[in-house]
Amino acid sequence: MKTALRQALATVLSAAALAVTAPQATASAAPSPPPRYVALGDSYAAEPLVPPADPADPACLRSLAGYPHVAARALGADLTDVSCSAATTGDLSASQHAGVPPQYAALSPGTDLVSVTIGANDVRLFSEALKCVNLLPPPLGTSCAERNTAGGTDRLAARIDAWAPTFASVLDEIARRAPYAEVFVVGYGNFVRTGGCYPAQPLWAQDATHLQRTIDRLTAVLRRTAEEHHATFVDTYGPGTGHDICAAPGDRYIEGLAPDRPAAALHPNEAGARVIGEALTTAVRAQRARTHGAS
C-alpha cells in the first residue's frame, strides 16, 4: 500500500515538474527578433542612380542596393533607411524635402544599430571636386590645388576642421535618441589614386592628389570623432584600393566624372556599395564578438 502511494505521488510530482518546465523550454526556443537598424546619411549611403530605386522617398534618389541594404541582408536586420542624396547634418534634424521627415525621427530607444555617413555636403566637397575638372592639359586651365592653398592656407582643410564639432554633436544626438544602439560611422573611400590618371579622368595630377587628400582629411575627422564618442569607425578606403575612378571600368567601385555604369558621378556603383556593405557587416560582427566576449 505504501509502495503504491509513493509511486502515485512520484507520478504527480513528475507531471507538475513537466508542467512548470515546459513553458520555459518553449520560451527559450523562441527566435530572437531581428535587430532594428537605422541608416542615416548622404548620397554615399543613398547610392543615387544605382538600381533599383527606393520608391519610398523619390526625392532622395535612394537605392535599394545601397550599402545599408547589403549589410541589413547579411545581418538579418530590420532596416529603416532614411539616407538621402545631398543631405547635410542640418537635414538630420529638419525635413530635407516636402513630406520627408528629419532623419533623426527614425531613431528611438528601440534602435539596435545605427550607421551614418555625413559631412561631404557640409564642406561642399562635390562642388569643389567639379571645380578641379580641366579638359585641357596644363597650363591651359587653373589648378584647384593651387587655388585652394593660395597664401599658404588650405581653405578646404580649414573648412573640414571647423566642421568637426558639428559631427561630434551629431553623434551626441544619435546617442540621446537611440541610447542602446551600437553606432557605426562609415568613412568616405578611395576616390582617386595619387597623381590621378589624366586625361582618362580630367583631373590634373596635383589636383587629383589634392582632392583625395581632402577626402582623407574629412574621413580622418569622422574616424577621430567616432573614437572619441565610443562609436565604431568603418574604413572603406582600404577595400577600394585599386578600384578608384582610374581603374578599368569593370573594376571600379567609384564611378568617374562620366560614369560607365549606373551610378552618380564620383559615387559608389553597385559593386562599391556591396563592398562597403560587406565592410560594415564585418565591423558589426566584430563589435558583437567583442561585446559578447566581455560579458
Side-chain angles (χ1 to χ4, degrees), residues 32-47 54 56-57 60 62-64 66-85 87-96 100-122 163-189 218-219 221-236 268 273 276-292:
S32 300
R36 286 159 290 192
Y37 168 26
V38 175
L40 310 174
D42 58 22
S43 54
Y44 196 78
E47 318 288 358
D54 185 349
D57 297 310
C60 284
R62 186 167 57 238
S63 171
L64 294 175
Y67 80 68
H69 296 266
V70 174
R73 286 192 296 270
L75 296 167
D78 181 6
L79 172 64
T80 301
D81 184 3
V82 292
S83 62
C84 195
S85 296
T88 66
T89 51
D91 298 312
L92 301 178
S93 57
S95 177
Q96 185 174 348
V100 177
Q103 294 191 32
Y104 282 147
L107 300 172
S108 75
T111 303
D112 300 303
L113 168 66
V114 178
S115 67
V116 57
T117 303
I118 202 77
N121 296 311
D122 291 77
W163 174 81
T166 300
F167 185 58
S169 297
V170 167
L171 294 184
D172 287 338
E173 185 64 13
I174 291 173
R176 187 185 74 80
R177 291 174 178 258
Y180 308 109
E182 294 178 321
V183 180
F184 294 82
V185 176
V186 180
Y188 296 98
L218 176 57
T219 296
V221 166
L222 298 180
R223 180 193 294 270
R224 182 176 66 251
T225 310
E227 292 170 350
E228 291 170 351
H229 286 72
H230 308 290
T232 300
F233 177 78
V234 182
D235 170 57
T236 65
I276 297 167
E278 290 168 354
L280 174 57
T281 300
T282 299
V284 172
R285 288 174 173 163
Q287 178 60 29
R288 287 178 177 174
R290 287 191 294 269
T291 301
H292 294 158

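We number each residue from 1, following the sequence as shown.
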Would you name the heavy atoms of V170 and T89 that are closest together and state the gap between them? CG2-CG2, 3.8 Å
Are the side chains of T281 and R73 in touch, meaning some heavy atoms are under 4.5 Å apart? no
Can you find a side-chain donor-acceptor pair between S115 and Y37 that sits under 3.5 Å? yes
Who pairs with T225 by side chain to side chain contact (heavy atoms under 4.5 Å, CB included), at least two apart in sequence or on another chain? F167, A168, L171, V221, H229
Between Q103 and D91 (side chain of the first, backbone of the second, donor and acceptor by atom type, cut-off under 3.5 Å), is there such a pair? no
Determine whether the side chains of T236 and Y67 contain a donor N or O and an acceptor N or O closer than 3.5 Å. no
Do side-chain atoms of Y188 reach the backbone of Y44 as a donor and acceptor pair under 3.5 angstrom? no
T232 side chain vs F184 backbone, donor-acceptor pair below 3.5 Å: no
Flag the pair R176 and E173 as a salt bridge only when some basic side-chain nitrogen lies within less than 4.0 angstrom of an acidic carboxylate oxygen. yes
Would D112 and R36 pass as an ion pair if we require N to O under 4.0 Å? yes
Can you see which heavy atom on E47 is nearest to which on P268, and at what distance? OE1-CB, 3.2 Å
Starting from the C-alpha separation in whole Å, work towards a yes-or-no answer on side chain to side chain contact (heavy atoms under 4.5 Å, CB included) for T219 and F233. CA-CA 10 Å; T219 296; F233 177 78; 3.5 Å; yes
